[in-house]
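All ligand and atom numbering here is 1-based and tracks the order in the structure. Atom set for the values below is all heavy atoms of this structure, side chains included, hydrogens, waters and symmetry mates excluded.
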Amino acid sequence: MARTPIVAGNWKMHLARGAARELLTTLRANLDGLQGVEVVVCPPSPWLGDAADLLRGSTLRVGAQNVYWESHGAFTGEVSAAMLAGTVDFAIIGHSERRHVFGETDEQTQRNLRAVIDLGMQPMLAVGELRAQREDGSTNDVLRRQLLAAFQDVDRLPEGFIVAYEPVWAIGTGLTATPEIAQATCADVRAILADRFDAATAEACRIQYGGSVNAENAAILAGQPDIDGLLVGGAALQAESFTAICKAAAGAAA
Ligand code: 13P
């Protein structure tokens, strides 16, 4: 089955409003109508409305970097999935910085995932092992635990469901996983999805690789059979590199 690759730029907590608007405008000029790949930008939450306005009518989509599962209430500082639903189509769920910097538990990830699915938005469910876990051979166990916990309450995955495999040791370090490691681990993720759901669901899922993706390594990573796109951090902050990455992913899929 043909899976449409998806490249998302996770801006994390970067770019002031003016720079964000400028980047969005340039990305639209560079990438609107690009065939063979879905392109999503995930700016910081105060700029999501600007992003939706500036990209409206284009093929570029907007995603949130995180959500909170409750729809409203006394949750100071949180932004609910429900509040984001009219503005964004996608949301990153369970990013490693949520898990490891902010202490998000598997249970919180599961609730956020559920809220996003229930609202008809597309989650990008991020999973990945720490360096010590890669080194002690427990990568597969960690990924299985993260995935099964997130899916605890989910009977069926929505069409085009996205898992982002991001080895924590590769995030922001310049230490990209080799194409062989990235491919093998994304194939393992697909096998876990087949176990949990069924083979057809696993085949239809899109699995992104993330972790020090740049304009040079994007094509070889995106060209691996079980990699269906990329989740990009640092290199998503410059129009030139993010444009090149999106075009490389479109080319790799062609
Ligand atoms: P870098 O591309 O900066 O390594 O970040 C990856 C990431 O965490 C994307 O979500």
As an exercise, identify every atom of ligand 1 less than 4.0 angstrom from a heavy atom of A170. 4 (O)
Show me which atoms of ligand 1 lie under 4.0 Å from any heavy atom of G234. 1 (P), 2 (O), 3 (O)
Could you give all pairs that pass the ring-ring contact (aromatic ring centres under 6.0 Å, His included) test and reach residues 170-192, with sequence neighbours left out? none
ring-ring contact (aromatic ring centres under 6.0 Å, His included) between F161 and F197, worked out: CA-CA 12 Å; F161 189 85; F197 297 98; 7.9 Å; no
Show the atoms of ligand 1 that are less than 4.0 angstrom away from any heavy atom in K12. 5 (O), 6 (C), 7 (C), 8 (O)
Run the salt-bridge test on D141 and R145 with the 4.0 Å N-O cut-off and return the result as yes or no. no
Can you hop from V163 to L231 via hydrophobic side chains spaced under 4.5 Å? no
Going by an N to O cut-off under 4.0 Å, is there a salt bridge joining R99 and E104? no
Answer yes or no: does an N/O atom from G233 fall short of 3.5 Å to an N/O atom of ligand 1? yes
Within the structure, is a non-hydrogen atom of G210 found at a distance of less than 4.0 Å from ligand 1? no
Minimum-distance pair of heavy atoms, taken over all atoms of W11 and L23: CZ2-CD2, 3.4 Å
Between R144 and D188, does any NZ, NE, NH1 or NH2 come within less than 4.0 Å of an OD or OE carboxylate oxygen? no
Report yes or no: does G172 have a heavy atom closer than 4.0 Å to ligand 1? yes
Would you mind running through ligand 1 and noting each atom that sits below 4.0 Å from a heavy atom of S212? 1 (P), 2 (O), 4 (O)
Heteroatom distance test (E166, ligand 1): nitrogen or oxygen, under 3.5 angstrom: yes
Contact check: A235 vs ligand 1, nitrogen or oxygen atoms, below 3.5 angstrom: no
Interfacing atoms of ligand 1 (cut-off 4.0 Å, heavy-atom, L231): 9 (C), 10 (O)
Quick note on ligand 1: atoms under 4.0 Å from a heavy atom of H95 include exactly 7 (C), 8 (O), 9 (C), 10 (O)
In T201, D226, D195, the residue satisfying side-chain hydrogen bond (donor to acceptor under 3.5 Å, both in side chains) with R190 is D226
For ligand 1, indicate whether the residue I171 contacts it via side chain, backbone, both or neither (heavy-atom separation under 4.0 Å). both
